[in-house]
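Only one structure is covered here, and it is reproduced in the block below.
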2 protein chains.
Amino acid sequence: MTGERRVRGKPVMMDVARLAGVSHQTVSRVLNEHPSVRSETRERVLRAMEELDYRRNSAARALVTNRSHTLGLVTFDTTLVGPSSTVYAIERAARDAGYFVSVASARSLDEGSVANAINRLREQAVEGIITVAPMDSALAALARVPADIPLVGIGVGEAMGVPMVSVDNIAGAAMATKHLVDLGHATVHHISGPPEWPETRERVTGWRTTLRQVGAPEAPVLSGDWSSRSGYEAARMLASDPNVTAIFCGNDQMALGALRALHEAGRDVPTEVSVVGFDDIPEAAYLLPPLTTVQQDFAALGRASLELLVEQITAGVRTQQHMRFPPELVVRESTGR
Amino acid sequence: MTGERRVRGKPVMMDVARLAGVSHQTVSRVLNEHPSVRSETRERVLRAMEELDYRRNSAARALVTNRSHTLGLVTFDTTLVGPSSTVYAIERAARDAGYFVSVASARSLDEGSVANAINRLREQAVEGIITVAPMDSALAALARVPADIPLVGIGVGEAMGVPMVSVDNIAGAAMATKHLVDLGHATVHHISGPPEWPETRERVTGWRTTLRQVGAPEAPVLSGDWSSRSGYEAARMLASDPNVTAIFCGNDQMALGALRALHEAGRDVPTEVSVVGFDDIPEAAYLLPPLTTVQQDFAALGRASLELLVEQITAGVRTQQHMRFPPELVVRESTGR
DNA sequence: TCCAGAGGTGTGAGCGTTAACACTGCCACC
DNA sequence: GGTGGCAGTGTTAACGCTCACACCTCTGGA
């Protein structure tokens, strides 16, 4: 009755063992690359596994080892270029590190929704969690996660006890603003992202600080929601004011909308008005005119966050760390004087 | 020794049972919402669970029920707008249907890479797989998956035995081409995506068929890689030819690049040349000029694929089905005569 | 009065794997 | 020629849960 088992459902370790004429433990050893298995035996076992198309039962393994080999990813709106590139980079890095990736998206901006996503991941016994949800609500939810579960927040601002990875938004915004001031603009206007995003506030800070340093007047911030539409609408208000000659936008999508609004208002870019974006989306170089912007390396962000997480998992301690990546100004044709 | 267990590691069902003064089986019943538990008992158990911050061990559960409650998602390049919106929609729908989502990305375009991603998901014992990787290689890999594992391919062309969800690309391309012809253009040029994508070929077919129907001459297809850069380069070659007055691009990013190339060549859009894209990315309405394009509902695609997958899981049979979604032409200002 | 049946609960087995330990040869060493 | 050790293998006991079944207690109908 050797084959009896195979008929009813998937083969298990014991089936492989029988076929190879060894004990199930030897099969386990082969599977886990234990050194002390005679190579001839190993071959026999491998052949048997192949013949039966055996795959180990990950649930049983997880149960006994108490490790799921799975990481959790909390995302918010994967439609945004930044988050989606980051997620992609994380998945690749996770695979290389031997982890599976499970995702849970927050349905809305509120803390409960993020907490809910985190809970779903914990139900699955993930070994660690990375949040790609750079809003304040995520931070609040993160702060409530018990300290024994490894955690990394991306772009989520400062918080006690939560390891973080982010771009140096203050420096990035300062670079953009400085660039415009250096071109001879009396001041720089700013169309920001939603205020409940830490990145937005950091960019506002970088912009404002720079203006103060050079003694330029500060205009009130107009805030959008990262969309082209919101950038368009904000810029339309700015376009009619002849004093506006330089606009720093919180991201490239809004800059794209601003470009359109300025065009409609008959104000040429860059001869009359200069525009700078943030992110450097792949399309930025092909806009009319090509967009000067602050480039951030989303993939590096993803890889770093994974590294930080794995470090915590192996060490068993939450690293108290905040990694900041320097962005880079890419000057194209949307700025001048 | 009631509390002894709790000190060393996470609480298990037995700990909750002891605290609530019931058997572990009753705890299980409460957890699984079994009807025959006295509500007073249920309350007591729930309180105990809360007090201990108990979470059931999903591995143990999966082991005994032989269900992982997890679906697998194969992605290729989540940086593209289409796939990333689809992934997002799938995750949401999966959660509503009570499933977790595990992702695996294909590292490159070849079949081995996709097969590898599928294998990783199978190792995790996912109950079904959706591929958001609309290349031929994915189709080839899908065709090799044993018939007993539920499967849905998105936008991956025709294949024997693999349930499919896609946009009706032929109809979409035909709509775009017809629109241009109706505006009075003698013919329509096409900048396509990479030929190894079924969607590319379908769009080429829709375009070509329409041209033949109206008796317009057919120009050779220029093919890009979906990027703005490739659209720009292809359009640059077209721009110098005065006979080119209408260009249908395989996606919006390439159309964006084409817009720039035409501008550089001094050919006005839409008075001299008309441009149509595909996808309707959120930025399309804010380009210079706003882009006429073929809109597809990525979210609907995602939801439909999930529905199809869940159907297969519950039925235990692979549904032989191909759902096609009609796209919609959105006329903006990049087309005219 | 008794028994059938249902509501409510407990007991024991078993899911497929790994860890710990036990066992068998064989070699090297004194 | 015993003793120690190691390579190679098998045996057994968990891991935490659900399922099947057994067991009570109560109700209602014959």
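Convention: sequence-line order gives letters A, B, ...; per-chain numbering from 1.
- Distance, A/L31 CG to C/dT17 C1': 10 Å, rounded to whole Å.
- Proximity of B/R92 to A/S105: side-chain heavy atoms (C-beta onward) are separated by under 4.5 Å at one or more points.
- The local environment of CG in A/N32 is crowded, with over 12 non-hydrogen atoms from other residues, nucleotides or ligands closer than 6.0 Å.
- Considering only side-chain N and O atoms, B/Y54 lies nowhere under 4.0 angstrom from the phosphate OP1 or OP2 of D/dG16.
- Phosphate proximity of D/dT18 to B/S28: present, with a side-chain N or O under 4.0 Å from OP1 or OP2.
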Once each nucleotide of nucleotides 7-13 of chain C is scored for protein heavy atoms under 4.0 Å, what B/S/- sequence comes out, 5' to 3'?
-SBBBB-
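- Put simply, CE on A/M13 is 20 Å from P on C/dG14, counting in whole angstrom units.
- In the helix from C/dT1-D/dA30 to C/dC30-D/dG1, the end axes, each obtained as the rotation axis mapping the C1' atoms of four pairs onto the next four within a five-pair block, lie 50° apart to the nearest 10 degrees.
- Rounded to whole Å, atom P of D/dC17 lies 12 Å from atom NZ of B/K10.
- Among the protein residues, B/N66 comes within range of no part of the nucleic acid, since none of its heavy atoms lies under 4.0 Å from any strand.
- Under the 3.5 Å distance criterion, with hydrogens and angles disregarded, no donor-acceptor pair is assigned to the side chains of A/N57 and A/R61.
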Do A/R55 and A/K10 pass the side chain to side chain contact (heavy atoms under 4.5 Å, CB included) test, and can you show the C-alpha distance, the side-chain angles, and the key distance before you say yes or no?
CA-CA 8 Å; A/R55 317 189 167 234; A/K10 308 197 167 199; over 6 Å; no
With salt bridge (Lys or Arg N to Asp or Glu O under 4.0 Å) as the criterion, how do B/R56 and A/E123 come out once you've worked through the C-alpha distance, each side chain's angles and the decisive distance to 0.1 Å?
CA-CA 7 Å; B/R56 88 166 122 211; A/E123 263 177 52; over 6 Å; no
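- Other residues, nucleotides and ligands place no more than 12 heavy atoms under 6.0 Å from the CD atom of A/E307.
- Between A/E40 atom CD and D/dG8 atom C1' there is a gap of 12 Å when expressed in whole angstrom units.
- In this structure, the CZ atom of B/R61 is 13 Å from the C1' atom of D/dC19, given to the nearest Å.
- Counting to the nearest Å, the C1' atom of C/dC15 and the CZ atom of A/R56 are 17 Å from each other.
- Between A/M14 atom CE and C/dT18 atom P the separation is 14 Å, expressed in whole Å.
- In this structure a side-chain-to-backbone donor-acceptor pair under 3.5 Å is missing from A/T131 to A/V74.
- Side-chain N/O atoms of B/N32 include one lying less than 4.0 angstrom from OP1 or OP2 on D/dT18.
- The backbone N or O of B/A125 lies less than 3.5 Å from a partner atom in the side chain of B/S68, making a donor-acceptor pair.
- In this structure, A/L52 places its CG atom 14 Å from P of C/dG16, rounding to the nearest Å.
- Classified by interplanar angle (parallel below 30°, tilted 30° to 60°, perpendicular above 60°), the ring pair B/H69/B/Y99 is tilted.
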